[in-house]
Student: 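Mind having a look at this structure? Questions to follow.
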Amino acid sequence: MTSVFEEKNISKAIMRVGLPAMLGQLTTLIYNIADTFFVSLTKEPATIAAVTLCAPILLIIMSIACIFGMGGSSVIARLLGEEKRKEAGATLNFCVYAMVTAGILTLILGLAFLQPLAEISGADADNLAYTCDYLKWIFIGAPFIMLANGFVHLFRSVGLIKESTFGLVLGNVINIVLDYVFIAILGWGTAGAALATSLGFVFATIYYIFCMIQQSHKGNQLVPLSPKRFSPNVTMVRNVVSIGIPGALITVLMSVSNIVLNNYISIYGSDAVASYGIAYKLDMIPILLSVGLSQGVAPLVGYCYGGNEKKKLFDIVKNTMLYGIGMGAVFTAVFVFFGKPLAAIFLEDEVLIEQTGYFLKILCLSAPALGIINTMTSYFQALGKAIKSLTITVLRNAVLFIPGVILLNYIWKLNGVIAAQPVVEAVLMLICIAMFFKDKKSDAN
């Protein structure tokens, strides 16, 4: 079979890299929903609220992996486009050992500051204990969470797309099974949900390491795992970190904005947090599928950029945006018409079902815009233009979103807080379109 990087048919190339990444994100989504579903069996809104409040902390841990996962992926794909295979392999090796070190440091610091982090996340007297239970096991699993998330990006960048997706799916399936065992059977609640999450990442990491050993034995110089091949230099580290830190800040800023949002929603009580948590988990379907599509295409974009295939690059970007917009529109229609029945899967209280369905109808309005926003974010990362990618994220999660939450809360109270997401995404979509055409024009000159 032709290498995906050499595929001439644009739509086929996008599907070959995009569909596996979307499948991986879909299983992540299923695990997230399963997490919420099994926790909801406790019939305690405070436990659902705790899982919702912990989500930004988990995202921050994953964002540290992005420094070396996404940063390394961007550098490796461009090096392969320039036919520098030895340098690409050395870069991957450095990223793996850097993630191990970062994971151990996160474990130590997270456990040392467990309760303050729970309180910063918005935990109150009702759900503080549940929140701490969840965070403890998440921090214990931090090294594996980082490795598993980083390997997903690194494997894609060297063409191991099936392996990348299978590891992600494996971890999420194990997570779901253990959710059932730990929560539904053993009754461990939020602690069980977090332990299942960490163990899922443990098994995914073991699989990825096995794949690297197997590839190394086959003589694949792109995936050297041996410490003897650890040979970072200043240029390599700078190239990875200069892309990776802005990439990580994307997730960090998203987490900060979610913490701000959770704090404003928590003003209206645990029921409001629980309703938003379920609505947001359902809205994560189009969000994660859009992220999967754009991140899956990113190595292909980076390869074309490194090989100076500009026409193919822009055709890939255009088609990816169109696919993303169409997919988002479909989910918006589904959630508008079936919001309440979907909410009823997780809740029994009619008032909460009504509120959750209403929240979902508002949140899903931004789904079509994600096709443009996420593609542009990955596009600039793939090209090594980290500042432009970071600009989109800063606008999205700080400059526009946080003031938007504050202002709309003042005007429309809880409804305004929920409406902040689609309002911000609509504005940002227009900004992204302008940035893309300006960048395309400057590259042509």
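FYI, side chains are in, hydrogens and waters are out, and symmetry mates aren't considered; it's all heavy atoms of this structure.
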Student: I want to check something: taking the side chain as every heavy atom from C-beta on, are Phe401 and Leu395 in contact at a cut-off of under 4.5 Å?
Tutor: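 Side-chain contact under 4.5 Å: no.
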
Student: Can you list the steps and then say if Asp283 with Gln421 is a side-chain hydrogen bond (donor to acceptor under 3.5 Å, both in side chains)?
Tutor: CA-CA 11 Å; Asp283 191 49; Gln421 176 179 307; 3.0 Å; yes

Student: Quick one: does any side-chain atom of Ser164 pair with a main-chain N or O of Leu160 as donor and acceptor, under 3.5 Å?
Tutor: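 A pair under 3.5 Å: no.
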
Student: Going through the checks in order, is the side chain to side chain contact (heavy atoms under 4.5 Å, CB included) test met by Ile209 and Met212?
Tutor: CA-CA 5 Å; Ile209 292 173; Met212 291 190 72; 5.6 Å; no

Student: Could you please spell out the steps behind the side chain to side chain contact (heavy atoms under 4.5 Å, CB included) verdict for Ile243 and Met70?
Tutor: CA-CA 8 Å; Ile243 299 297; Met70 295 179 70; over 6 Å; no

Student: Would you check if Tyr134 and Thr197 make a side-chain contact, meaning some heavy-atom pair closer than 4.5 Å?
Tutor: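 Answer yes - side chains close enough.
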
Student: Can you name the nearest heavy-atom pair linking Gly72 to Cys95, along with the distance?
Tutor: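 Nearest pair, atom of Gly72 first, then Cys95: CA-SG, 3.7 Å.
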
Student: Would you say the side-chain atoms of Asp439 pair up with the backbone N or O of Met435, donor to acceptor, closer than 3.5 Å?
Tutor: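 Not at all, since once roles are kept as given, no pair shorter than 3.5 Å links the two residues.
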
Student: Provide the closest heavy-atom pair for Ser157 versus Leu80 in the form atom of the first, atom of the second, distance.
Tutor: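 Smallest heavy-atom distance, with atoms named: O-CD1, 3.3 Å.
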
Student: Decide if atom NZ of Lys438 counts as having more than 12 heavy atoms of other residues, nucleotides or ligands within a radius under 6.0 Å.
Tutor: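 Atom NZ in Lys438 is not packed in, count stays at 12 or less.
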
Student: Nearest 0.5 Å please: distance from the OH atom of Tyr207 over to the CG atom of Leu168.
Tutor: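 The distance works out to 11.0 Å.
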
Student: Contact between Phe346 and Leu282 at the side-chain level, heavy atoms closer than 4.5 Å - yes or no?
Tutor: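 Of all side-chain heavy-atom pairs linking Leu282 with Phe346, at least one is under 4.5 Å.
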
Student: Measuring from Leu360:CG to Lys340:NZ, what's the distance to the nearest 0.5 Å?
Tutor: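 Nearest 0.5 Å value for the CG-NZ distance: 13.0 Å.
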
Student: Are Lys136 and Ile140 packed together at the side-chain level, in the sense that at least one heavy-atom pair is separated by less than 4.5 angstrom?
Tutor: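 Yes, their side chains come closer than 4.5 Å.
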
Student: Do Gln381 and Lys388 have side chains that get closer than 4.5 Å, going by heavy atoms?
Tutor: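 The answer is no; the side chains never approach within 4.5 Å.
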
Student: Side chain of Ser63, backbone of Ile60: donor and acceptor closer than 3.5 Å?
Tutor: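 Such a contact is found between Ser63 side chain and Ile60 backbone.
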
Student: Run the side chain to side chain contact (heavy atoms under 4.5 Å, CB included) check on Arg78 and Ser74 step by step: do they pass?
Tutor: CA-CA 6 Å; Arg78 282 180 280 121; Ser74 174; 3.0 Å; yes

Student: Looking at Ala193 and Asp179, what are the two nearest heavy atoms and their distance?
Tutor: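 Looking at all heavy atoms of both residues, the shortest contact is CA-OD1, 3.5 Å.
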
Student: In terms of ring plane angle, is the pair Phe314 and Tyr379 parallel, tilted or perpendicular, where the classes change at 30° and 60°?
Tutor: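 Phe314 and Tyr379: tilted rings.
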
Student: Is the closest side-chain heavy-atom distance between Ile373 and Met321 below 4.5 Å?
Tutor: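 Side-chain contact under 4.5 Å: no.
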
Student: Can you tell me how far CD of Gln115 sits from OG1 of Thr131, rounded to the nearest 0.5 angstrom?
Tutor: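 Going from OG1 on Thr131 over to CD on Gln115, the span is 10.5 Å.
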
Student: Enter the distance from Thr320:OG1 to Asn374:CG here, rounded to the nearest 0.5 Å.
Tutor: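 Answer rounded to 0.5 Å: 11.5 Å.
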
Student: Kindly say whether the aromatic ring centers of Tyr208 and Phe151 come within a distance under 6.0 Å.
Tutor: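 Ring-ring flag for Tyr208/Phe151: true, centres closer than 6.0 Å.
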
Student: Does Phe144 CZ have over 12 foreign heavy atoms under 6.0 Å away?
Tutor: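 At most 12 heavy atoms, drawn from other residues, nucleotides or ligands, come within 6.0 Å of this atom.
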
Student: Using 0.5 Å steps for rounding, measure from the CG atom of Leu400 to the CD1 atom of Ile392.
Tutor: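 If I round to the nearest 0.5 Å, the distance is 12.0 Å.
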
Student: Using modelled atom types only, decide if a donor and an acceptor are shared between the side chain of Ser378 and the backbone of Thr375 within a distance under 3.5 Å.
Tutor: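 No; zero donor-acceptor contacts below 3.5 Å.
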
Student: If we only count heavy atoms from C-beta on, is the Phe68 to Met146 side-chain gap below 4.5 Å?
Tutor: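 No, side chains not in contact.
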
Student: Show the nearest heavy-atom pair for residues Asn149 and Ala65, with the distance to one decimal.
Tutor: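 Residues Asn149 and Ala65, closest heavy atoms: CB-CB, 4.1 Å.
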
Student: Supply the atom-to-atom distance Leu414 CG to Tyr358 OH, rounded to the nearest 0.5 angstrom.
Tutor: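 The OH atom of Tyr358 is 9.0 Å from CG of Leu414, to the nearest 0.5 Å.
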
Student: For Trp137, is there any backbone N or O sitting under 3.5 Å from a side-chain donor or acceptor partner on Ser198?
Tutor: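 Here the side-chain-to-backbone pair exists.
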
Student: Answer whether the closest heavy-atom distance between the side chains of Asn409 and Tyr268 falls below 4.5 Å.
Tutor: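 Sidechains of Tyr268 and Asn409: in contact.
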
Student: Kindly give the heavy-atom pair with the smallest separation between Ile176 and Phe38, and that separation in Å.
Tutor: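 Closest pair (atom of Ile176, atom of Phe38, distance): O-CE1, 4.0 Å.
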
Student: How far apart are the C-alpha atoms of Thr356 and Tyr276, what are their side-chain angles, what is the distance that settles it, and do they pass the side chain to side chain contact (heavy atoms under 4.5 Å, CB included) test?
Tutor: CA-CA 6 Å; Thr356 302; Tyr276 170 75; over 6 Å; no

Student: Might you point out which heavy atoms bring Thr165 and Ala21 nearest each other, and give the distance in Å?
Tutor: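 That closest heavy-atom pairing would be OG1-N, 4.0 Å.
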
Student: Look at the side chain of Asn397 and the backbone N and O of Thr393, then say whether any donor-acceptor pair between them is shorter than 3.5 Å.
Tutor: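 Looks like yes, one N/O pair under 3.5 Å.
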
Student: Please check if atom CD in Glu309 has more than 12 non-hydrogen atoms from other residues, nucleotides or ligands closer than 6.0 Å.
Tutor: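 For Glu309, atom CD is crowded (more than 12 foreign heavy atoms under 6.0 Å).
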
